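Numbering of residues begins at 1 and proceeds along the displayed sequence. These numbers were taken from a predicted model, which means no experiment stands behind them.
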Amino acid sequence: KPSYVNGNRVNITATVTDGANRISGAAATLTLVTASGLNVTSTKTTDSNGIAKFQYKISSSRDGIGTYTATVTGSKTGYTSGSGSATFAVTK
């Protein structure tokens, strides 16, 4: 898994699909749980390719050192909502 240090920017890219096709105009909500247990939430709308991009700047003193979990949930009227998660480490 990727690792980062204090001051790094983490780029999180989510693609929302219906299982086969990418969905534009969907709400993509990121919930990031830091090593210290802080919950950070951000919502973006997917572009014409079904992609939403998020960025988070690491502050080790605020967020802690250890494993962070990023979960993105995609939703749009007429579709079943779904989510996916990934983890990364902050080492200093």
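- When the side chain to side chain contact (heavy atoms under 4.5 Å, CB included) test is applied to Ile65, the partners found at least two apart in sequence or on another chain are Ser60.
- By the ring-ring contact (aromatic ring centres under 6.0 Å, His included) test, Tyr79 is found to be paired with no residue, residues two or more places apart in sequence or in another chain being considered.
- Residue Tyr56 shares its hydrophobic cluster (ILVMFWY side chains chained together at separations under 4.5 Å) with Tyr4, Val10, Ile12, Leu30, Leu32, Leu38, Val40, Phe54, Ile58, Tyr68, Val72, Phe88, Val90.
- The stretch residues 42-54 participates, sequence neighbours left out, in these side chain to side chain donor-acceptor pair (under 3.5 Å) pairs: Thr29-Thr43.
- Counting only heavy atoms from C-beta outward, the side chains of Ile51 and Arg22 approach each other to under 4.5 Å.
- Nearest approach of Arg62 to Lys57, heavy atoms of both residues: NH2-O, 3.1 Å.
- The side chain to side chain donor-acceptor pair (under 3.5 Å) analysis of residues 80-92, with sequence neighbours excluded, yields the pairs Thr71-Ser85.
- Partners of Asn39 under the side-chain hydrogen bond (donor to acceptor under 3.5 Å, both in side chains) rule, at least two apart in sequence or in another chain, do not exist in this structure.
- When all heavy atoms of Ala28 and Ala52 are compared, the pair lying nearest together is CB-CB, 3.7 Å.
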